[in-house]
Protein chains: 2
Amino acid sequence: MFSAPQTEQATGFKVQRGDGFHSGTVRRIEAKEHVFCEGDPRTHVYRIEDGVIALSKVLSDGRRQIIDFAYPGDYIGLGMFGDHVFDAQATCASKVKCLPTSQLEHDAARDPALALRLYNAVSAELSAARRLLVSVGQGTAMERIASFLIELKGRGGHLEDDIINLPMRRSDIADLLGLTIETVSRTLTKLRMMRIIQIENGNDVRILDPDRLQELAG
Amino acid sequence: MFSAPQTEQATGFKVQRGDGFHSGTVRRIEAKEHVFCEGDPRTHVYRIEDGVIALSKVLSDGRRQIIDFAYPGDYIGLGMFGDHVFDAQATCASKVKCLPTSQLEHDAARDPALALRLYNAVSAELSAARRLLVSVGQGTAMERIASFLIELKGRGGHLEDDIINLPMRRSDIADLLGLTIETVSRTLTKLRMMRIIQIENGNDVRILDPDRLQELAG
DNA sequence: CGAGACGTTGAAGAAGGTCAATGCAAGTGG
DNA sequence: CCACTTGCATTGACCTTCTTCAACGTCTCG
């Protein structure tokens with residue numbers, strides 16, 4: 001029961017068949033509800049079934065950096081030592097499938113193929129984190145927004161090919177890209193004015209000119 | 001032959017004994033020489049023996065984001081699909097031990113313990129990348145510099161406990177933190193003026209007030 | 001010694017942040 | 001059904017931080 005086909009470069013490499021998730025229980029998560037918080041013991045690994053989960057770090061003064069958005073088919077909670085270091089919070093109503101960490105580790109210690117799939121899954125997360133770092137560290141607001149839209153386009157689950165659904169608030173995008181909601185908003189309006197995108201139902205972005213968007217991404 | 005003890009949170013989890021590196025050949029790298037470049041086929045995994053290797057992404061217009069500094073004991077070249085996506089360049093004269101990728105993959109497919117060590121190694125890199133992302137995405141110049149110094153303090157290879165060696169140029173620090181060399185320089189000067197650090201031989205930073213430095217890091 | 005690489009410092013400018021007002025749609029309660 | 005609230009997005013005016021541009025100092029190495 002694996003969701004829509006996605007590209008390999010999307011965060012959370014698909015572990016595919018044999019990941020033990022056939023036996024997991026499904027948990028329903030409301031918008032803004034936490035799957036787990038920083039400091040919680042790492043009891044489970046989760047596979048997103050539906051919705052979007054934001055992984056984030058919240059600083060003592062309230063600033064927040066979103067590390068990644070996990071989409072259906074992605075895994076969260078992999079590869080951490082001890083307690084969770086990040087928050088995992090749904091940006092919209094979601095479903096996740098849960099597998100006890102202990103079981104996964106137990107299986108992986110006996111099954112090199114599973115262990116290698118875990119290795120690949122975390123490697124893909126690492127690539128995604130580094131791509132984001134480049135964008136945040138070097139890009140202007142426009143470049144960050146443009147490459148964010150392109151990154152999302154590469155993920156699955158869009159009704160039409162040139163329409164990107166944004167199942168998160170402006171504040172989530174801002175916290176992912178190291179900007180403010182105002183800058184996100186202004187930049188999206190600028191892209192609208194340039195006839196590069198069009199905003200459809202509040203949360204759907206239609207890409208009118210993919211080439212120019214790609215150029216703007218740097 | 002494993003180098004100075006280091007904390008687990010340092011980038012590049014030590015794979016420890018049994019990583020196959022007993023048989024690797026050692027390669028000497030001059031300052032600013034590349035170990036590999038973006039686009040090169042991924043032929044080897046490298047373990048740093050001596051020096052510091054900067055992993056970076058260079059954009060078409062010359063802007064550069066350093067992803068990580070690899071210190072002795074760290075591994076580079078792990079967990080990538082196909083060709084290299086980043087440059088690896090020595091910031092100072094260094095030595096690396098090389099192991100053919102094919103051999104490592106061959107071994108890992110038969111040895112779950114090795115596969116799990118790879119998994120842990122990449123997981124640690126992921127944690128480091130995310131810590132850096134938080135710093136770059138949310139921190140002011142001062143916060144980025146302060147947490148950079150603290151991060152380096154956590155790595156091994158310092159002669160004295162409160163002296164951090166900076167075996168890289170200002171431009172490397174700037175490209176790691178998403179700042180300019182001028183801002184790096186000014187911020188270090190400010191830290192000097194505040195009597196929190198002291199610069200010893202051009203490249204050695206003595207931490208006079210670790211507590212205040214920690215506060216500034218956020 | 002002279003040239004190049006690197007670092008520091010200053011002055012001016014720009015990108016993005018902060019603060020504040022407005023709009024808009026979805027609840028909620030009378 | 002309508003007034004009121006609440007959450008989110010947009011837009012404008014102003015301000016701060018960091019960048020840019022430029023000059024200068026220092027060190028090393030040919």
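By convention in this document, chain letters (A, B, ...) are assigned in the order of the sequence lines, proteins followed by strands, and residues within each chain are numbered from 1.
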### Query
B:Phe86 ring centre to A:Arg130 NZ or CZ under 6.0 Å, with the angle to the axis within 45°?
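Yes, A:Arg130 sits over the ring of B:Phe86.
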Kindly say whether [Y] contributes a backbone atom to a donor-acceptor pair with the side chain of [X] at under 3.5 angstrom?
| X | Y | answer |
| --- | --- | --- |
| B:Gln65 | B:Leu176 | yes |
| A:Thr101 | A:Thr43 | yes |
| A:Asp87 | A:Cys37 | no |

### Message
What does the B/S/- profile of nucleotides 8-23 of chain C look like, 5' to 3', with a 4.0 Å heavy-atom cutoff to protein?
### Response
BBBB----SSBB----
### Message
For nucleotides 23-30 of chain D, give me one character per nucleotide, 5' to 3': B if any protein heavy atom sits under 4.0 Å from the base, S if the only such contacts are to the sugar-phosphate, - if neither.
### Response
--------
What's the [atom1]-[atom2] distance between [X] and [N], to the nearest Å?
| X | N | atom1 | atom2 | value |
| --- | --- | --- | --- | --- |
| A:Asn203 | C:dA26 | CG | C1' | 14 Å |
| B:Asp175 | C:dG7 | CG | P | 12 Å |
| B:Ile145 | D:dC18 | CD1 | C1' | 13 Å |
| B:Asn201 | C:dG7 | CG | P | 15 Å |

### Query
Across the strands shown, which category fits B:Lys190 at heavy-atom distances under 4.0 angstrom: base, sugar-phosphate, nothing?
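Here B:Lys190 touches no strand at all.
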Taking NZ, NE, NH1 and NH2 as the nitrogens, is one of them in [X] or [Y] under 4.0 Å from a carboxylate oxygen of the other?
| X | Y | answer |
| --- | --- | --- |
| A:Arg63 | B:Glu143 | yes |
| B:Glu182 | B:Arg186 | no |
| A:Arg192 | A:Asp209 | no |
| A:Lys32 | A:Glu30 | no |
| B:Glu49 | B:Arg47 | yes |
| B:Arg206 | B:Asp161 | no |

### Query
Does the side chain of A:Phe69 reach to within under 4.5 Å of the side chain of A:Asp172, using non-hydrogen atoms?
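The answer is yes, as the side chains (C-beta and beyond) meet within the 4.5 Å cut-off.
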### Message
Using five pairs at each end of the helix from C:dC1-D:dG30 to C:dG30-D:dC1 to define an axis, what is the angle between those two axes, to 10°?
### Response
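Inter-axis angle at the ends, rounded: 30°.
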